[in-house]
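These notes are about the structure you will find just below.
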There are 2 protein chains.
Amino acid sequence: MGPGTRDALIDAAAGLLDEGGVEAVTLREVGRRVGVSHNAPYKHFANKETLLAAVAARELQRRVAIPPETRERRPSPEEELRATMHRYIAWAREHPARFKLVFGAWSVDSQELGTAAHSAQAQLTGIVTAAQDTGALPPGDPVRLASLFRALAHGGADLASAGHLAPDGKGHASPEQLIDDLLGYLRVAAEAAHPPTSRSGPASSTSSPA
Amino acid sequence: MGPGTRDALIDAAAGLLDEGGVEAVTLREVGRRVGVSHNAPYKHFANKETLLAAVAARELQRRVAIPPETRERRPSPEEELRATMHRYIAWAREHPARFKLVFGAWSVDSQELGTAAHSAQAQLTGIVTAAQDTGALPPGDPVRLASLFRALAHGGADLASAGHLAPDGKGHASPEQLIDDLLGYLRVAAEAAHPPTSRSGPASSTSSPA
DNA sequence: ACCTGAACACCGTTCAAGT
DNA sequence: ACCTGAACACCGTTCAAGT
């Protein structure tokens with residue numbers, strides 16, 4: 001069997017996606033690239049949407065399971081949060097078609113997609129909780145705070161990729177800058193919420209988990 | 001001529017867009033609804049994308065020029081900003097296909113689309129500046145602060161419309177709540193930036209324009 | 001269990017005409 | 001100036017076969 005026709009089909013679809021966007025992904029061209037007939041894909045996927053869902057699931061799984069080497073030790077949870085959001089934005093900018101596919105409406109509900117998304121969500125929430133413990137973020141529901149970052153990064157990346165962020169062509173506000181701005185405001189808000197002058201030493205000392 | 005074939009084509013395309021998303025907009029079905037042949041649209045638009053751009057431009061123009069009656073006097077610029085962002089989110093939720101079309105990549109660069117977008121941007125920046133004057137928002141570049149709100153509202157609406165915001169089906173964070181959260185954090189940051197205890201009376205007194 | 005070839009209904013777009 | 005009808009190349013999907 002060798003590489004497996006199914007994986008080859010997913011590979012070909014992903015390649016077409018990167019080259020020409022989702023509308024360039026054609027079952028006939030996918031079959032052509034793999035070297036099978038134009039309807040061989042129907043023996044592995046129910047239809048075109050199911051094949052696209054498989055591409056999205058693979059992309060999301062790869063992103064969640066980033067090799068630990070590249071996740072170098074960050075100096076603080078706040079910097080890890082910043083780096084995670086910047087990575088998210090860079091991914092959206094470098095692979096806009098994959099980004100739109102993964103976060104588009106999933107007509108078919110793939111189990112793979114759901115669990116991968118949930119895993120990414122949990123990972124981010126963990127970083128947010130750690131950043132709250134160091135005083136970089138204000139207290140409160142970490143899931144909600146994580147959603148705030150995720151929505152900002154998502155919207156910034158989407159607007160930027162469509163050219164709707166900078167108003168006059170000036171580099172007036174990159175999505176990365178917006179993330180940095182939010183981190184700055186939240187640090188100020190966190191310090192106002194529980195000032196570090198209260199009783200103990202430096203606020204960045206490790207505290208007990210929430 | 002009556003209503004004009006061109007406008008009728010745009011109407012039909014908008015109707016199909018609302019009913020079945022962008023992939024339901026077909027030049028042949030548009031012609032069918034208007035009662036002309038399947039390629040009569042080519043006498044009014046260069047191609048399908050140009051017709052879609054006209055639909056997007058009309059939608060954006062309508063949104064920018066909201067009848068002043070509905071823009072009731074808000075008690076403060078902060079509340080006007082909140083209402084503007086909530087309106088944006090409600091629009092995205094009620095008309096997801098129009099939302100995606102307007103903010104998708106514009107392959108054809110329509111002059112109409114550009115100026116309407118610029119006008120919406122300027123309108124939002126004005127509200128932000130007013131909110132800064134009342135001390136509800138921290139000082140700094142108002143264009144950048146407006147981009148922060150716009151990116152958050154956009155991302156929240158997009159994630160919510162695709163079902164990617166609430167992690168467990170719980171109503172854990174609506175886009176509107178995220179906007180409210182951001183407004184709360186920015187108010188705290190604004191008060192920390194220039195505390196109202198400095199010299200003058202209540203911070204909400206009208207000041208000179210920026 | 002996997003693949004092929006013909007076929008169907010649908011598209012976007014072009015072109016030669018019509019009035 | 002606006003519209004029509006035929007035609008072309010392309011799709012997604014189905015079906016009857018093949019091994």
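Quick caveat: nothing in here was measured; it's all calculated off a predicted structure. Proteins get letters first, then strands, A, B, ... in listed order; numbering begins at 1 in each. Just the heavy atoms: all of them, side chains too, but no hydrogens, waters or symmetry mates, feed the values below.
- Distance CZ (Arg6(A)) to P (dC2(C)): 11 Å, rounded to an integer number of Å.
- Atom NE2 of His95(A) is separated from atom NZ of Lys100(A) by 13.5 Å, given to the nearest 0.5 angstrom.
- Note on Lys43(B): a base of the nucleic acid sits closer than 4.0 angstrom, heavy atoms only.
- Here the C1' atom of nucleotide dT13(C) and the CZ atom of Phe45(B) are 16 Å apart, to the nearest Å.
- Here dC3(D) presents its P atom at 14 Å from NE2 of His38(B), a figure rounded to the nearest Å.
- Between the CD atom of Glu23(A) and the C1' atom of dT13(C) there is a distance of 15 Å, given to the nearest Å.
- In this structure, Asn47(A) places its CG atom 8 Å from P of dT14(D), rounding to the nearest Å.
- The nucleotide whose nearest atom lies closest to any side-chain atom of Arg32(B) is, among dT13(D), dC11(C), dT14(C), dC11(C).
- Put simply, NZ on Lys48(A) is 15 Å from P on dC10(D), counting in whole angstrom units.
- Among the nucleotides dC11(D), dC11(C), dG5(C), the one closest to any side-chain atom of Thr26(A) is dC11(D).
- Distance check on atom P: dC2(C) versus dA17(D) gives 22 Å, rounded to whole Å.
- The separation between Leu16(B) atom CG and dC11(C) atom P is 10 Å, rounded to whole Å.
- In this structure, Val36(A) and Glu29(B) both approach DNA chain C, and ranking their closest nucleotides by distance from the 5' end singles out Val36(A).
- One finds a salt bridge joining Arg58(A) and Asp11(A) here, because a Lys/Arg side-chain nitrogen approaches an Asp/Glu carboxylate oxygen to under 4.0 Å.
- Considering only side-chain atoms of Tyr42(A), the nucleotide from dG12(C), dT14(D), dG5(D) that sits closest is dT14(D).
- The pair Arg187(B)-Glu78(B) counts as a salt bridge, with a side-chain nitrogen and a carboxylate oxygen less than 4.0 angstrom apart.
- Look at dA9(D): it lacks any Watson-Crick or wobble partner with both distances under 3.5 angstrom.
- Between Trp91(A) and Tyr88(A), the ring planes are perpendicular. Angles over 60° get that label, and only those under 30° would be called parallel.
- Taking the side chain of Ser37(B) as heavy atoms from C-beta on, and the options dT4(D), dA6(D), dC2(D), the nearest nucleotide is dT4(D).
- Across all strands shown, dT4(C) forms a Watson-Crick or G-U wobble pair with dA16(D), both key distances being under 3.5 Å.
- As a whole-Å value, the separation of Arg28(A) CZ from dT13(D) C1' is 9 Å.
- Of the side-chain N and O atoms in Thr5(A), one or more sit less than 4.0 angstrom from OP1 or OP2 of dC3(C).
- Between Val128(A) and Val143(A) the shortest side-chain heavy-atom distance does not fall below 4.5 Å.
- We find the CD1-OG distance between Ile89(B) and Ser161(B) to be 12.0 Å, quoted to the nearest 0.5 Å.
- Side chain Asn39(B) to base dT14(C): a donor-acceptor pair is found below 3.5 Å.
- Counting non-hydrogen atoms under 4.0 angstrom, His44(B) reaches the backbone sugars and phosphates but no base.
- With dC2(D), dT13(D), dT4(C) as the candidates, the nucleotide lying closest to the side chain of Leu27(A) is dT13(D).
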